[in-house]
Protein chains: 2
Amino acid sequence: MAKQTTPELIAEKADTLFYERGFEATSFADIAKAVGISRGNFYHHFKSKDDILDAVITRRLATTRAMLAGWEEDADPAQRIISFVRILIVNRSKIMAYGCPVGTLNTELSKLDHSAQNRASDIFALFRDWLASQFAALGHRQDAQDLAMQLLARSQGVAVMASAFGDEGFLRAEVAAMESWLAALPKNLTTKRQGH
Amino acid sequence: MAKQTTPELIAEKADTLFYERGFEATSFADIAKAVGISRGNFYHHFKSKDDILDAVITRRLATTRAMLAGWEEDADPAQRIISFVRILIVNRSKIMAYGCPVGTLNTELSKLDHSAQNRASDIFALFRDWLASQFAALGHRQDAQDLAMQLLARSQGVAVMASAFGDEGFLRAEVAAMESWLAALPKNLTTKRQGH
DNA sequence: TCTGAATTAGGACAGTTGTCCTAATTTGTC
DNA sequence: GACAAATTAGGACAACTGTCCTAATTCAGA
């Protein structure tokens, strides 16, 4: 593994802190402590806190792309979608403690009326477009985007409720229900054409 | 209308600010300005910011109970549930700007590891239990709680995505889909008994 | 080994935070 | 109208915020 530069290390630690505590609630002092550098040193790498947020979003866009690319190794689009659904299981501890990193960041930036909210929603757009292409590969050309948004929204709802109630059982039940829903979707509609 | 006491007025203005900006991002100065009283005056009514949060949650519990009671005037349980779903439409402007007040408060308090998060989730519990009793009245005795949680989660997912993308079309489409789902639910299962 | 650039630590800075105190004012009751 | 209680304004307080500066250190290339 290549050695991490200081800006990369700052972005990584800030990413975790912004997720676990929120953007506003995380101070420079918190990040400095996590990285192990002095507070005043930040401004050689980032000119403001918003700049760090920008780097964190860029980082999340990159890790999301990498994760989606990894799921592409599975030949079956249905299995790829199941990989997406199962991140709820894989990350269940963090999700029950802090919610979904993408959803909660978007929510916070909306409230702060922060200009970076548009870039944050691009992370959602990555998932949406990737899911839509999987649904399209399953033959759902007409409603690929709708199905993608539905699944994305449902995952968000699960994350919010599981975190609010600390209810792992609900999370697991909903993941199972989403997999059943996926299996029950009509397939091989490739040649079917619906009138406009 | 009875004249509002100062503590009530503080709780009302804080309620709005906590919703629109978040709990942490709202300062005493912000609330003081909204109420029109001096900053130092707070401590005669509330001994800390957490005390104000407590009053805000108490207020939200009360307004939620009142709203649910209002919906009870409709004789048809299915229509009552539709009243719930349609708050997404009624409050769409605020939801697209700030998300769901209940969900976003729970999310923020989770991240802050705040002791009031349990009380905040009680607001969700009010909705869940009320919805469950409506589903039970529709004949879904066995799975009333599950259906309530599903509908609650779906609403939360819609609020998160509609706010992230600023997508009113998605919000409206999902409300319509939830109403269709409700209409398609099997009814009059009152006499049916499933084992155990 | 020398030199210029990159990186660092530590602190100064003005502003804001939640909290608390005191003194003045208003209020309700006799 | 007098008086005790409730309520108010305004500011003090230490701690913390994001930002910025300067001087010391480390590093890379000749």
Side-chain angles (χ1 to χ4, degrees), chain A residues 2-59 105 108-109 111-117 119-120, chain B residues 2-59 105 108-109 111-117 119-120:
Chain A
K3 201 181 72 177
Q4 217 171 11
T5 67
T6 303
E8 283 168 355
L9 190 61
I10 291 173
E12 182 195 320
K13 297 296 187 182
D15 190 346
T16 304
L17 288 167
F18 288 177
Y19 173 36
E20 297 182 356
R21 305 185 191 180
F23 169 67
E24 273 263 313
T26 299
S27 70
F28 272 79
D30 294 330
I31 306 173
K33 187 185 290 183
V35 177
I37 62 173
S38 86
R39 206 165 51 265
N41 193 4
F42 273 98
Y43 286 79
H44 202 261
H45 305 289
F46 300 97
K47 72 173 192 292
S48 71
K49 195 183 178 186
D50 286 352
D51 249 46
I52 298 183
L53 175 61
D54 213 60
V56 166
I57 294 176
T58 300
R59 188 188 139 85
L105 181 64
E108 183 178 3
L109 296 183
K111 278 188 202 289
L112 296 177
D113 203 18
H114 198 290
S115 61
Q117 200 262 321
R119 291 201 70 221
Chain B
K3 200 181 71 176
Q4 219 171 8
T5 67
T6 302
E8 282 169 354
L9 190 63
I10 292 173
E12 181 195 322
K13 297 295 188 183
D15 190 346
T16 304
L17 288 167
F18 288 178
Y19 174 36
E20 297 182 356
R21 305 186 191 179
F23 169 66
E24 273 262 314
T26 301
S27 70
F28 272 79
D30 294 331
I31 307 172
K33 186 185 291 183
V35 176
I37 63 173
S38 86
R39 207 164 52 264
N41 193 3
F42 274 96
Y43 285 78
H44 202 261
H45 304 289
F46 300 97
K47 71 175 194 290
S48 71
K49 195 182 178 186
D50 286 351
D51 248 46
I52 297 183
L53 175 60
D54 213 60
V56 166
I57 294 175
T58 299
R59 188 188 138 86
L105 181 63
E108 183 178 4
L109 296 183
K111 279 187 202 290
L112 296 177
D113 203 18
H114 198 291
S115 60
Q117 201 263 320
R119 291 201 71 220

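All values below come from the heavy atoms of this structure, side chains included, with hydrogens, waters and symmetry mates left out. Here the structure is a predicted model, which means the values were calculated and not measured. Numbers restart at 1 for each chain; the letters A, B, ... are given by sequence-line order, proteins then strands.
Atom pair B:Phe42:CZ and D:dG10:P shows a separation of 14 Å (rounding to whole Å applied). The interatomic distance linking B:Asp50 (CG) with C:dT19 (P) rounds to 7 Å, in whole Å. Distance A:Glu24 CD to C:dT17 P: 10 Å, rounded to the nearest Å. In this structure, B:His114 atom NE2 and C:dG18 atom P are separated by 12 Å, rounded to whole Å. Nucleotide D:dT17 holds its P atom 10 Å from the CZ atom of A:Arg21, rounded to whole Å. Atoms CD1 (A:Ile37) and C1' (C:dG11) sit 16 Å apart, rounded to a whole Å. If you take NZ of A:Lys33 and P of D:dC16, they are 10 Å apart, rounded to a whole angstrom. The nearest whole Å value for the distance from the CD1 atom in B:Ile10 to the P atom in D:dT8 is 8 Å.
The phosphate of C:dT8 (OP1 or OP2) has a side-chain N or O of A:Thr6 nearer than 4.0 angstrom. Distances shorter than 4.0 Å separate some side-chain N or O of A:His45 from OP1 or OP2 on C:dT8. The phosphate of D:dC20 has neither OP1 nor OP2 within less than 4.0 Å of any side-chain N or O from A:Tyr43. One finds a side-chain N or O of B:Ser27 lying less than 4.0 angstrom from the OP1 or OP2 phosphate oxygen of C:dT17.
Aromatic ring centres of A:Phe28 and A:Phe46 lie farther apart than the 6.0 Å criterion allows.
Interatomic distance, CD1 of A:Ile10 versus OG1 of A:Thr5, reported as 8.5 Å (0.5 Å rounding).
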Worksheet item: Could you walk me through whether B:Phe18 and B:Glu108 pass the side-chain contact (heavy atoms from CB on, under 4.5 Å) check?
Response: CA-CA 10 Å; B:Phe18 288 178; B:Glu108 183 178 4; over 6 Å; no
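In this structure, the side chains of B:Leu112 and B:Phe23 come closer than 4.5 Å at one or more pairs of heavy atoms. Side-chain contact between A:His114 and A:Leu53 is present, with heavy atoms from C-beta onward closer than 4.5 Å.
Nearest to the side-chain atoms of B:Ser48 among the listed nucleotides D:dT8, C:dT17, C:dT19 stands C:dT19.
Positionally, the nearest nucleotide of DNA chain D for B:Ser38 lies more toward the 5' end than for the other of A:Lys49 and B:Ser38. Comparing A:Gly40 and A:His44 by the nucleotide of DNA chain C that holds the closest heavy atom to each, the one mapping nearer the 5' end is A:His44.
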